[in-house]
Amino acid sequence: KAQMQLRLTQANLQHSRAATANLLRSFLTNNVDIALVQEPHHHNGVVQGFRTKNLSVFYVKGRDKTRSCIIAKKEIKLTLISNLCDQDTTAVKWEGKTEDSRPVSGILASVYLPYDSKDNPTLGLQKLAKEAATTEVLIGCDANAHHKLWGSSDINSRGKSLLDFISTTNLTILNVGTTPTFVTKTRSEVIDVTLASPGMSGLVGGWRVSNTPSFADHRWICYEIKGTRTEKISVRNPRRARWDDYASETKKHLISLADITISSVSEVENIVTVVTNKLVKSFETVCPARTVRNNDQPWWNGDFTTIRTTT
């Protein structure tokens with residue numbers, strides 16, 4: 001088997017359709033494997049925008065407010081852990097292998113800490129912290145809290161309370177640097193935190209705040225779990241897509257919607273889902289998947305590339 005890293009993105013979508021479509025695009029172009037999402041776009045508690053045949057969506061259904069979920073490629077072995085989930089917490093069991101092919105498993109979680117909640121931390125995060133005493137855990141969290149220990153410019157009461165809690169657990173803060181994770185016209189701050197148990201911390205690398213536009217006030221946080229996949233992987237390369245055919249394919253898929261009359265919000269949501277799926281189908285038609293070998297070498301860098309080109 002070939003060695004490969006599992007690529008994770010931690011993203012608060014602020015219930016935005018545009019931010020949702022942007023994250024979906026990142027999945028379709030094979031830039032992310034798992035997304036730990038806070039404040040997903042939803043209607044009546046049902047997460048919208050990720051209904052494609054290649055993705056799995058994990059969260060607690062039937063809630064009026066859905067403020068966390070996990071999106072993953074179906075090829076990745078994940079199982080929802082219902083007793084650790086609520087409207088602000090989603091947890092799944094992950095099973096994989098380390099770079100030296102040793103089996104490894106743990107809990108991946110997406111957590112939203114409401115800024116107006118009286119409970120800081122929430123019961124969901126407290127449960128995950130208890131699990132971290134005996135199980136490997138990785139948590140992507142919109143903390144809505146400031147503390148210099150995770151890169152904020154100051155310390156507020158929520159940040160102090162959260163750090164006091166973290167210090168009593170088996171969790172480690174993985175944040176690196178002071179690049180803001182939340183940016184608006186008037187302010188920027190680090191309010192998103194990544195937490196992990198000691199063993200999981202050793203598997204996670206490359207923590208960074210992404211420069212990729214997120215279409216939300218929260219910027220994406222990206223990192224990798226060092227693991228393995230099967231030797232051959234399926235990828236789509238947008239540079240090889242037949243973009244001249246995209247317009248005709250899209251027209252063919254959307255022409256059936258021309259005479260539809262929309263009279264309610266729920267119908268708008270349904271049409272958005274239908275259109276998204278048809279656009280995805282058009283993309284998959286003009287940019288077919290190819291099975292390739294993964295020959296990435298962790299020790300190869302730009303300097304070696306330059307030397308090889310020169311010689």
Tightest non-hydrogen contact, residues Q48 and T20, listed as O-CG2, 3.6 Å
Same apolar cluster: W94 and L84, side chain cutoff 4.5 Å: no
For T285, does its backbone N or O pair with a side-chain atom of R242 as donor and acceptor, under 3.5 Å? yes
Steps toward side-chain hydrogen bond (donor to acceptor under 3.5 Å, both in side chains) verdict (T29, N31): CA-CA 6 Å; T29 54; N31 291 317; 2.9 Å; yes
Any non-hydrogen side-chain atom of F27 less than 4.5 Å from a side-chain atom of N54? no
Working to the nearest 0.5 angstrom, can you tell me the gap between Y223 OH and N175 CG? 9.5 Å
Per the side chain to side chain contact (heavy atoms under 4.5 Å, CB included) rule, which among L162, I191, T178, L174 passes with W150? L162
Quick one, I155 and H147 - any side-chain contact, counting heavy atoms below 4.5 Å? yes
In Å, rounded to the nearest 0.5 Å, how long is the span from OH of Y115 to CG of N144? 8.5 Å
Take I225 and L108 through the side chain to side chain contact (heavy atoms under 4.5 Å, CB included) test and state the conclusion after the steps. CA-CA 11 Å; I225 294 178; L108 307 180; 4.1 Å; yes
Spell out, as yes or no, whether a donor-acceptor pair under 3.5 Å connects the side chain of S16 to the backbone of A216. no
Drop me the distance from R158's CZ to S117's OG, to the nearest 0.5 angstrom. 7.0 Å
Sub-3.5 Å donor-acceptor pair from the side chain of H42 to the main-chain atoms of G45, do we have one? yes
H15 and H41 have their tightest heavy-atom pair at O-ND1, 3.4 Å
Would you confirm whether Q10, through its side chain, and V193, through its main-chain N or O, come within 3.5 Å as a donor-acceptor pair? yes
Is it true that I173 and W207 fall in one hydrophobic cluster, defined by side-chain heavy atoms closer than 4.5 Å? no
Which pair of heavy atoms, one from T9 and one from C222, lies closest together, and at what distance? OG1-SG, 3.8 Å
Are I70 and I81 connected in a single hydrophobic cluster, I mean Ile/Leu/Val/Met/Phe/Trp/Tyr linked by side-chain heavy atoms less than 4.5 Å apart? no
Cluster overlap I107 with L8, hydrophobic side-chain contacts below 4.5 Å: no
Atom of S152, atom of V190 and distance for their closest heavy-atom approach: OG-O, 2.6 Å
Do S188 side-chain atoms and V183 backbone N/O form a donor-acceptor pair below 3.5 Å? no
Cluster link V204 to V104, ILVMFWY, side chain under 4.5 Å: yes
From CG (D217) to CZ (R187), nearest 0.5 Å: 9.0 Å
Anything under 3.5 Å between a donor and an acceptor, one on a side chain of residues 129-141, the other on a protein residue two or more places apart or in another chain? List them.
residue, atom, partner, partner atom, Å
E136, OE1, S197, OG, 2.5
E136, OE1, G199, N, 3.1
E136, OE1, M200, N, 2.9

Under the side chain to side chain contact (heavy atoms under 4.5 Å, CB included) criterion, do W220 and V32 qualify, and how do the steps go? CA-CA 11 Å; W220 289 351; V32 59; over 6 Å; no
Can you list everything that forms a side chain to side chain contact (heavy atoms under 4.5 Å, CB included) with T179? Sequence neighbours excluded, please. V209, R219
Under the criterion side chain to side chain contact (heavy atoms under 4.5 Å, CB included), I'd like the reasoning laid out for T90 against V37: C-alpha separation, chi angles, the key distance, then a yes or no. CA-CA 9 Å; T90 302; V37 176; over 6 Å; no
Just how far is it from atom CD of E95 to atom CD1 of I76, taken to the nearest 0.5 Å? 13.0 Å
Do you know which two heavy atoms are closest between L113 and A143, and how far apart they sit? CB-O, 3.7 Å
State, yes or no, whether a side-chain contact exists between L80 and C85 at a heavy-atom distance under 4.5 Å. yes
Can you tell me if Q126 uses its side chain to pair, donor with acceptor, with the backbone of P121 under 3.5 Å? yes
Y59 side chain to V47 main-chain N or O, any donor-acceptor pair under 3.5 Å? yes
Can you give me the closest heavy-atom contact between D88 and D86, atom names plus distance? N-OD1, 2.8 Å
Supply the atom-to-atom distance F182 CZ to H146 NE2, rounded to the nearest 0.5 angstrom. 8.5 Å
Please say whether more than 12 non-hydrogen atoms of neighbouring residues, nucleotides or ligands are located less than 6.0 Å from NZ in K148. no
Side chain to side chain donor-acceptor pair (under 3.5 Å) partner of T181, the single match among D192, T194, D142: D192
Hydrogens and angles aside, do K73 and N30 bring a side-chain donor and acceptor to less than 3.5 Å of each other? yes
